[in-house]
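Structure first, commentary second.
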Amino acid sequence: MNKKEFDLENQLLSKYKKEETGDGISGERLAFRLGELSKIGLTDDNGSRRPGFSIEEKEAKNKVIAWMKEAGLSVRTDGAGNVFGRLDGKNPNKPVIMSGSHVDTVPNGGHFDGALGVLSSLEVAQAWKDTGYIPEKPFEVAVFTDEEGARFNGGLTGSEAMMGDSDMDALLQKRDFDNRLFEEVIKDVGLNVEGFSQAKRSHSEIESFVEVHIEQGKRLERENLPCGIVTGIAGPYWLKLTFKGKAGHAGNTPMTDRQDALVTAGQFIHFISHLPQKISESAVATVGNIEVKPNGTNVIPGEVIVYVDIRDIFKEDRQKLVDNIKQAAEELARPREIEVVYETVHDVLPVPVKEALQEKMAEAVRESGIKPYYLSSGAGHDAMIIGHHLPSALLFVKSKDGVSHNPEEWSDLNDCIKAVQILKKYIEKLQVNA
């Protein structure tokens, strides 16, 4: 299919089995809006390119703003470019129930990551308007800026700004893929540093947050379920290990007299692939980046730097895995007289989802005729940043073949609509005892 023939709306509708539920939710409307967003930043591979702080991201936000107004929401944009569509409800002075996601993408990404979460939240508000339902508490649909971090090799920038977690000094030092500084880039979309630094919102204004997101994995597909309840979001811990041996001539140094840092690092990489499952079902460890020095074909490697991405939804289990990985490195290095040096280069705490919110979500799932299925999230989301401070929940939607960050990313419209129905029921349950 070439770019001119690409039509996401009709692709979604071609397999859609419409059910008359009377809840005001429209599959046709969701398909149309997903299709409209897919046209913004469409790549030659029929993927999506809407980097954070780009004209394309802003254009997508403006589309959503227009739809927010159609749903009767009042709209405001903060200094970080985050967009909020608000329905006051019957008690506008109460803390708000917030739901949403992002519309930025990775380069040549898919059309569901982020966008589905935004439009699902918006569909809830639109359905309420169409059926005359007025919530007891205020409700806000949120569109967060630069979740993916493709521009500055970071991410979650908008939700961090809202929660007051931004490191402005670090942001001002960042350069994008065109070597432009952060301050210069954000001016392209009408933002400035002063406004960005003032985007923090009082936590007392928000009661809780919920996000719908594609799974980006195969567990729901294997279970043949449209949606799953997330039990926690695994915080990434990046450990840098430097194996220091001794460089030498590849021809003149006997095999029995070598301090080969790469051999030790190779054994280490293989060994730790078996460690996470010994700690917990949700633990993972990945080596995706190594540096070999001096990196010569005829030179015994004298130093190897290995970066390990370690994740789990439980802080204690994650720390246990980190400790075991360090111990493994030392034990493997000792026989070859290799020195090991450690450095933590990234540490984001995991976010377990409160059991009370999981149970409310499970009730909504059961009422939608689906068996509750629980799973963890290995990827970070805006819900993770907010969840460090406020009660947050996350609902996953089945992903075809587990593909994500790719033009082939796909979730069936019927599964998406099930997610909206569950989200709507869940948010309405949060309105009780207002």
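Along the sequence shown, the residues carry numbers beginning at 1. What's counted below: heavy atoms across the whole structure, side chains too, no hydrogens, waters or symmetry copies.
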Inset, instruction - Please answer whether the main-chain N or O of Phe53 pairs with a side-chain N or O of Glu57 as donor and acceptor at a distance below 3.5 Å. - result: yes
Inset, instruction - Measure the shortest side-chain to side-chain distance between Val353 and Thr231 over non-hydrogen atoms and say whether it is less than 4.5 angstrom. - result: no
Inset, instruction - For the residue pair Gln216 and Ser399, confirm or rule out a side-chain donor-acceptor distance under 3.5 Å. - result: no
Inset, instruction - Check whether any side-chain heavy atom of Lys424 lies under 4.5 Å from a side-chain heavy atom of Trp128, and answer yes or no. - result: yes
Inset, instruction - Kindly assign one of parallel, tilted or perpendicular to the pair Trp238 and His346, based on the angle between their ring planes and the thresholds 30° and 60°. - result: tilted
Legend entry - Considering all heavy atoms, the nearest Leu275-Ala328 contact: CD1-CB, 4.4 Å
Legend entry - Tyr342 side chain vs Lys326 backbone, donor-acceptor pair below 3.5 Å: yes
Inset, instruction - Compute both the distance and the angle, then confirm whether Arg201 meets the cation-pi test with Phe84: under 6.0 Å from the six-membered ring centre, within 45 degrees of the axis. - result: yes
Legend entry - Tyr133 versus Glu428, closest heavy-atom pair with distance: OH-CG, 3.8 Å
Legend entry - Side-chain H-bond candidate by donor/acceptor type, His405 with Asp113, under 3.5 Å: yes
Inset, instruction - Identify the two heavy atoms, one from Ser54 and one from Pro51, that lie closest to each other, and give their separation to 0.1 Å. - result: OG-O, 2.6 Å
Inset, instruction - Please answer whether the main-chain N or O of Asp415 pairs with a side-chain N or O of Asp412 as donor and acceptor at a distance below 3.5 Å. - result: no
Legend entry - Heavy-atom neighbours of Ile134 CD1 exceed 12 at 6.0 Å: no
Inset, instruction - Can you sort out the partners of Lys218 under side-chain contact (heavy atoms from CB on, under 4.5 Å), two or more places apart, ordered by chain and number? - result: Glu221, Arg222
Legend entry - Glu359, CD: over 12 other non-hydrogen atoms inside 6.0 angstrom: yes
Inset, instruction - Ignoring hydrogens and angles, state whether a donor on the side chain of Ser404 or Glu409 is under 3.5 Å from an acceptor on the partner side chain. - result: yes
Legend entry - With sequence neighbours excluded, residues passing side-chain contact (heavy atoms from CB on, under 4.5 Å) with Ser280: Ser282, Ala283, Asp312, Asp317
Legend entry - Side chain to side chain, Asp169 and Gln173, heavy atoms closer than 4.5 Å: no
Legend entry - Distance-only side-chain donor-acceptor flag, Asp165 / His389, under 3.5 Å: yes
Legend entry - NZ or CZ of Arg49 within 45° of Phe177 ring axis and under 6.0 Å: yes
Inset, instruction - May I ask you to check whether over 12 heavy atoms, not counting those of Glu408, lie within 6.0 Å of atom CD? - result: no
Inset, instruction - Using only heavy-atom distances, determine whether the side chains of Asp7 and Gln11 contain a donor-acceptor pair under 3.5 Å. - result: no
